[in-house]
There are 2 protein chains.
Amino acid sequence: MTVDLRHIAYFLAVAEEQNFTRAAERVGIQQPPLSRQIRDMEESIGAALFRRTRKGAELTEAGAAFREAVRHVPDQVAHAITEARRAARGEVGVLRLGYTTSAGFNPVVAQAIRSFRSQYPDVDLTLIEANTPQLMQGIHAGTYDLVFLRPGMAGGEALRERVLSEEQMLAVLPADHPAGIQGSVDLADLRDEPFILLSHAAGPILLDEIFQACRSAGFTPRIGQRVSQITSAINLVANGMGVSVVPASMRFLQVPGVAYLGITGHAPLARLAVAHRRGDSGPLVRNFLAGCA
Amino acid sequence: MTVDLRHIAYFLAVAEEQNFTRAAERVGIQQPPLSRQIRDMEESIGAALFRRTRKGAELTEAGAAFREAVRHVPDQVAHAITEARRAARGEVGVLRLGYTTSAGFNPVVAQAIRSFRSQYPDVDLTLIEANTPQLMQGIHAGTYDLVFLRPGMAGGEALRERVLSEEQMLAVLPADHPAGIQGSVDLADLRDEPFILLSHAAGPILLDEIFQACRSAGFTPRIGQRVSQITSAINLVANGMGVSVVPASMRFLQVPGVAYLGITGHAPLARLAVAHRRGDSGPLVRNFLAGCA
DNA sequence: GACTGTCATATGCAAAAGGTATGAAATTCG
DNA sequence: CGAATTTCATACCTTTTGCATATGACAGTC
């Protein structure tokens, strides 16, 4: 294909000016080379594009057809270049963001998403809720570009994690539970209650932290019910099926009949991290991370 | 250092092969120049398009955005070239064809249009009916590309006319007219009848021919009614308002109460020509003319 | 540890694009 | 009527740039 973009730009200039001399001036070359370029192009197409007259040049049928078909090509290419630049700056593209249910309640996450959205409105931000192991697998597989999860899982060498928030966990009790009267509770006081907790598969990190705290308090919690969503745990507490321990952010989920209580002594911690593949710090990821204060 | 079509083709090859060496082979050059072209392009865009790995090359965000935007550009240009070639062969385009009412009844015209339509189905053939002076003006002004008209008007120097048909004119009489009994009529027998003829503005050539024939027959026709459409003249004859003289092709317009009769002696002739601008014998015009047997 | 496959770098040559000078033809204007 | 102007085309030369060849660096593989 011997016709290239320069030829097309020259052609369009001549078509518009209907005059080789002015067209040459417009595209910034002299008239003779322009004439030659057009002639070469006509030769390679195998048809005259212009009818040369004493007053200038007018399009032939072939030229008119060609013009219609290539009219927007230079604009398209220019647009492609600006889009590439924007993409390089992380202003456009698709960012797939995974997060756990509990992370979704953390103001840090909501804030980061809001700030990114307002700063990069043209980025297609896809939010996917999943549990920590799923996120872990997905970020490795490339299903997600960025995930909010609980740090501490194995397999983090290929990831770069940054801890964003570290909050104490709260005990979740039925509102009428006697331990709730003084506004906080000691884990040991809950030793005989059935615990409603995430399954190991759904939330290994939080679960482990809770178990360790309980062990520090001198007991091993008795599992009343395993759930796969932390919100389910809170609902089950409301139904009187037991107690639970959740990250403090979950208190924003107000459920009637449920009280969130601070844990005295060695309270379990819920760390929240944002993670991405180590090699892949594309501009979108970089920009999003910059917005995670 | 601008981005041109060659660059885009190279870029797309690398994007598809994810490998510089194979991409180079595909586009028919060696790997080092390909690498350099891509690098130049990246420099001129100001963003990396590929992430070079040990195993090949993968698109960056910018590269992916660029690819989306230029994906179809080479096809568009290739298509433009084939369209230009087709247009040069007269296979596509717009052909504006003017014709007089009376020409529309001539089988030669219908046949030419039919044959052109079947041979060049992708040409947009626009048919416009008008009278001879309008056609004459329109073809000069560029409103029409090709017209069927009665030859002999002034201003034909810039036109190339080709006579397609020469037919005798017929007398149009009311069916019960005594002169119609023997199947033909002498113009002189009509000397006392009111003639219903085209106005000079609408059909100067035919009118002149009829007047000359009448003068040869020894009289000057008395104008009963001037009309601007030859079909109107025939209708008025049917209403008993007089007689008329029309090209033989008009006999295909069968109107109750009207008889078409051959004219004995020096019958006026109706010539039909196809005309186009002398300079402008574009492929469409040329192809149409070729179909006018 | 040699081999293979990846992309990058260096250098020389050839093709292509652009510049300058000039020519031919027709219109415009004094 | 003829000179000036304007149009595009031609000829020749210079510069740019695209491509090939040879080679290097690096990493995964047998």
Side-chain angles (χ1 to χ4, degrees), chain A residues 1-45 47-60 62-63 67 74 77 157-158 278-280, chain B residues 1-45 47-60 62-63 67 74 77 81 157-158 277-280:
Chain A
M1 197 184 308
T2 48
V3 172
D4 69 8
L5 225 50
R6 187 176 351 96
H7 287 134
I8 291 174
Y10 292 172
F11 165 80
L12 289 175
V14 177
E16 200 163 316
E17 296 286 350
Q18 306 209 325
N19 178 309
F20 278 76
T21 312
R22 284 198 304 275
E25 192 172 347
R26 185 207 280 208
V27 299
I29 64 173
Q30 298 302 115
Q31 172 264 319
L34 175 62
S35 286
R36 214 179 67 117
Q37 293 297 328
I38 298 289
R39 187 166 50 73
D40 288 351
M41 183 166 37
E42 289 177 319
E43 222 160 81
S44 104
I45 290 177
L49 298 172
F50 293 101
R51 204 171 287 121
R52 277 79 164 170
T53 71
R54 307 104 191 114
K55 326 192 61 170
E58 55 191 31
L59 287 167
T60 60
R67 183 190 194 186
V77 173
E157 318 83 32
R278 200 169 271 279
D280 165 39
Chain B
M1 194 158 330
T2 58
V3 172
D4 67 10
L5 269 185
R6 190 176 348 97
H7 286 131
I8 291 174
Y10 293 171
F11 165 82
L12 289 174
V14 177
E16 200 164 316
E17 296 285 350
Q18 308 212 324
N19 178 308
F20 278 75
T21 312
R22 284 198 303 275
E25 193 172 346
R26 186 209 279 210
V27 300
I29 64 172
Q30 297 304 114
Q31 170 263 319
L34 175 61
S35 287
R36 211 178 68 115
Q37 293 298 327
I38 298 289
R39 185 166 51 72
D40 289 351
M41 182 165 40
E42 289 177 320
E43 222 161 80
S44 103
I45 289 176
L49 297 173
F50 294 101
R51 206 172 283 122
R52 276 79 163 171
T53 71
R54 301 99 191 105
K55 326 192 60 170
E58 55 191 30
L59 287 168
T60 61
R67 184 191 193 186
V77 174
I81 292 174
E157 318 81 32
R277 283 179 296 282
R278 199 168 272 279
D280 166 39

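Chain letters run A, B, ... following the sequence lines, proteins first, then strands; residues in each count from 1.
In this structure, A:Phe20 places its CZ atom 22 Å from P of C:dG23, rounding to the nearest Å. Rounding to whole angstrom units, CZ of residue B:Arg51 and P of C:dC7 are separated by 15 Å. Here D:dT16 presents its C1' atom at 14 Å from CG of B:Asp4, a figure rounded to the nearest Å. Taking atom CD of residue B:Gln31 and atom C1' of nucleotide D:dG24, one finds them 12 Å apart after rounding to whole Å. Between B:Asn19 atom CG and C:dT6 atom C1' there is a gap of 8 Å when expressed in whole angstrom units. Between the C1' atom of C:dA26 and the CZ atom of A:Arg52 lies a distance of 17 Å, rounded to the nearest Å.
For the OP1/OP2 pair of D:dT6 and a distance below 4.0 Å, the side-chain nitrogens and oxygens of A:Arg54 include no atom meeting the criterion. Residue A:Thr21 places at least one side-chain N or O under 4.0 Å from the OP1 or OP2 atom of D:dC8.
In terms of position along DNA chain D, the nucleotide closest to B:Gln30 lies nearer the 5' end than the nucleotide closest to the other residue of the pair B:Lys55 and B:Gln30. Position along DNA chain C of the nearest nucleotide to A:Pro32 versus A:His7 favours A:His7 as the more 5'-ward residue. Remark on DNA chain D: of its neighbouring residues A:Ala57 and A:Arg6, the 5'-side contact belongs to A:Ala57, judged by nearest-heavy-atom nucleotide.
The shortest distance between side-chain heavy atoms of B:Ile45 and B:Val3 falls below 4.5 Å. Under the 4.5 Å side-chain criterion, counting only non-hydrogen atoms from C-beta, A:Val77 is not in contact with B:His7. Counting heavy atoms from C-beta outward, A:Glu58 and A:Thr53 have side chains that approach closer than 4.5 Å. Within the 4.5 Å cutoff, the side chain of A:Glu16 has heavy atoms near those of the A:Arg26 side chain.
Residues from residues 34-45 of chain A placing a heavy atom under 4.0 Å of any atom in DNA chain C, listed by number, are A:Arg36, A:Gln37.
Side-chain N or O atoms of B:Thr60 include one that pairs as donor or acceptor with a backbone N or O of B:Ala48 at under 3.5 Å. A donor-acceptor pair under 3.5 Å links the side-chain atoms of B:Glu42 to the main chain of B:Phe50, judged by distance alone.
For A:Glu25, the CD atom sits in a loose shell: 12 or fewer heavy atoms of surrounding residues, nucleotides or ligands are nearer than 6.0 Å.
Residue contacts shown for A:Tyr10 are limited to sugar-phosphate atoms, with no base heavy atom under 4.0 Å away.
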